[in-house]
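What follows is one structure encoded as structure tokens, with my remarks underneath.
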Amino acid sequence: MREPICYVIGAGELYPAGLEPKVGDWVIAADGGYRALRALGLRADLVVGDFDSLEERPDHPNVMTLPREKDDTDMAVALEMGVKRGYRTFRLYGGTGGRIDHTLANLQCLTWLSRRGCRGELYGENWTAAAVTDGALTFDASHRGYVSVFCQGDRAEGVTLRGLKYPLDSAALTPDVTLGVSNEFTGAESSIAVRTGTLLVVWYR
């Protein structure tokens with residue numbers, strides 16, 4: 001049975017492939033993401049933001065207005081709302097492009113989700129990113145192209161790559177090495193696992 005998904009749409013560049021909410025899913029617009037959703041003819045269940053991107057408070061029945069001076073981004077607050085509501089699977093759209101610091105912040109949000117037992121995917125123009133903590137990501141045989149692995153934190157122990165062009169077996173990765181960049185899918189089922197620590201995984205569609 002398909003697990004319910006929390007979709008979060010930000011004000012960045014939007015590549016909507018796969019943005020198809022079903023019954024039981026929850027859709028959050030983070031600030032300017034509200035405008036993007038309306039352009040696609042999709043409904044937001046909640047709108048969160050300080051509305052510096054949208055430039056006005058939207059006319060919507062469920063709005064959480066945030067102060068402009070705050071410790072978290074609008075996207076981060078939206079994800080927190082999704083976790084509090086009980087969702088464990090997240091898809092982030094409109095979270096790339098524009099200011100690179102916001103893209104990096106959204107990649108950090110993937111780590112935040114992963115360390116709370118959730119799975120989040122951030123969608124760029126032709127790539128997807130996800131994080132995994134003390135566990136594994138698996139890919140079916142349909143995946144093609146490049147996949148890269150980065151350590152998030154001081155150290156990732158027991159990194160094991162299976163079914164990829166360049167395998168690893170119980171390796172250690174640190175954030176100051178590039179060993180995990182530009183691996184490749186082989187047309188077989190594959191997996192990326194870490195025994196202790198967090199990995200950021202980026203693959204091309």
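Keep in mind that this is a model prediction, so the values were computed, not measured. Just the heavy atoms: all of them, side chains too, but no hydrogens, waters or symmetry mates, feed the values below. We number each residue from 1, following the sequence as shown.
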Check whether any side-chain N or O of T186 sits under 3.5 Å from a backbone N or O of G163 as a donor-acceptor pair, and report yes or no.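 Confirmed, T186 side chain pairs with G163 backbone.
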Expected output: side-chain D74 to main-chain D31 donor-acceptor under 3.5 Å: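 No, the answer is negative, given that no donor and acceptor are paired below the 3.5 Å cut-off.
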Please name all residues satisfying side-chain contact (heavy atoms from CB on, under 4.5 Å) with P167, sequence neighbours left out, ordered by chain then number.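 Result, side-chain contact (heavy atoms from CB on, under 4.5 Å) vs P167: none returned.
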Tell me whether [Y] is reachable from [X] by hopping between hydrophobic residues (I, L, V, M, F, W, Y) whose side-chain heavy atoms are closer than 4.5 Å.
{"X": "V132", "Y": "F185", "value": "yes"}
{"X": "L173", "Y": "L137", "value": "yes"}
{"X": "L179", "Y": "L200", "value": "no"}
{"X": "M81", "Y": "M75", "value": "yes"}
{"X": "L46", "Y": "L66", "value": "yes"}

Side-chain H-bond candidate by donor/acceptor type, S170 with R195, under 3.5 Å: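 There is no such pair (donor and acceptor under 3.5 Å, judged by atom type) between the side chains of S170 and R195.
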Where is the tightest heavy-atom contact between [X] and [Y], given as atom of each residue plus distance?
{"X": "P67", "Y": "D50", "answer": "O-CB, 3.8 Å"}
{"X": "A172", "Y": "R155", "answer": "CB-NH2, 3.4 Å"}
{"X": "L113", "Y": "G120", "answer": "CD1-CA, 3.9 Å"}
{"X": "A78", "Y": "V48", "answer": "N-CG1, 4.4 Å"}
{"X": "E80", "Y": "W112", "answer": "CA-CH2, 3.8 Å"}
{"X": "T103", "Y": "G97", "answer": "OG1-N, 3.4 Å"}

Side-chain donor-acceptor contacts of residues 3-23 below 3.5 Å, not counting sequence neighbours, with atom names and distances?
unit_1: E3; atom_1: OE1; unit_2: T89; atom_2: OG1; d: 3.4
unit_1: E13; atom_1: OE1; unit_2: Y15; atom_2: OH; d: 2.6

Distance (rounded to the nearest 0.5 Å) between [X] [atom1] and [Y] [atom2]:
{"X": "L110", "Y": "R119", "atom1": "CG", "atom2": "CZ", "result": "9.5 Å"}
{"X": "T128", "Y": "L92", "atom1": "OG1", "atom2": "CG", "result": "11.5 Å"}
{"X": "R205", "Y": "E125", "atom1": "CZ", "atom2": "CD", "result": "9.0 Å"}
{"X": "S190", "Y": "D140", "atom1": "OG", "atom2": "CG", "result": "8.5 Å"}
{"X": "E184", "Y": "Y166", "atom1": "CD", "atom2": "OH", "result": "5.5 Å"}
{"X": "F90", "Y": "I28", "atom1": "CZ", "atom2": "CD1", "result": "7.0 Å"}

Is the count of non-hydrogen atoms from other residues, nucleotides or ligands lying under 6.0 Å from [X] atom [atom1] greater than 12?
{"X": "D71", "atom1": "CG", "answer": "no"}
{"X": "Y204", "atom1": "OH", "answer": "no"}
{"X": "L104", "atom1": "CG", "answer": "yes"}
{"X": "E157", "atom1": "CD", "answer": "yes"}
{"X": "R38", "atom1": "CZ", "answer": "no"}

Under the salt bridge (Lys or Arg N to Asp or Glu O under 4.0 Å) definition, can you give me all pairs with a residue in residues 91-113, not counting sequence neighbours?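 Passing the test, one end in residues 91-113: R99-D101.
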Between Y87 and W26, how do the two ring planes meet: parallel, tilted or perpendicular, split at 30° and 60°?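 Y87 vs W26 ring planes: parallel.
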Answer yes if the ring centres of F139 and W203 are under 6.0 angstrom apart, and no otherwise.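 Centroid separation for F139 and W203: below 6.0 Å.
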Please tabulate, for the side chains in residues 53-60, all donor-acceptor contacts under 3.5 angstrom to protein atoms that are two or more places apart in sequence or on a different chain.
unit_1: R57; atom_1: NE; unit_2: T65; atom_2: OG1; d: 3.3
unit_1: H60; atom_1: ND1; unit_2: N62; atom_2: N; d: 2.9
unit_1: H60; atom_1: ND1; unit_2: N62; atom_2: O; d: 3.2
unit_1: H60; atom_1: NE2; unit_2: A44; atom_2: O; d: 2.7

Quick one: are [X] and [Y] in side-chain contact, heavy atoms under 4.5 Å?
{"X": "L122", "Y": "W127", "answer": "yes"}
{"X": "L168", "Y": "I192", "answer": "no"}
{"X": "L37", "Y": "R43", "answer": "no"}

Can you give the donor-acceptor pairs under 3.5 Å from side chains of residues 146-154 to other protein atoms, not counting sequence neighbours?
unit_1: S148; atom_1: OG; unit_2: S182; atom_2: N; d: 2.8
unit_1: Q152; atom_1: NE2; unit_2: T111; atom_2: OG1; d: 3.1

In chain order, what residues pass the salt bridge (charged side-chain N to carboxylate O under 4.0 Å, His left out) check against D169, with sequence neighbours excluded?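 D169 satisfies salt bridge (charged side-chain N to carboxylate O under 4.0 Å, His left out) with R162 only.
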Intermediate values then yes/no, side chain to side chain contact (heavy atoms under 4.5 Å, CB included), R2 and D25: CA-CA 10 Å; R2 176 181 176 277; D25 295 339; 2.8 Å; yes
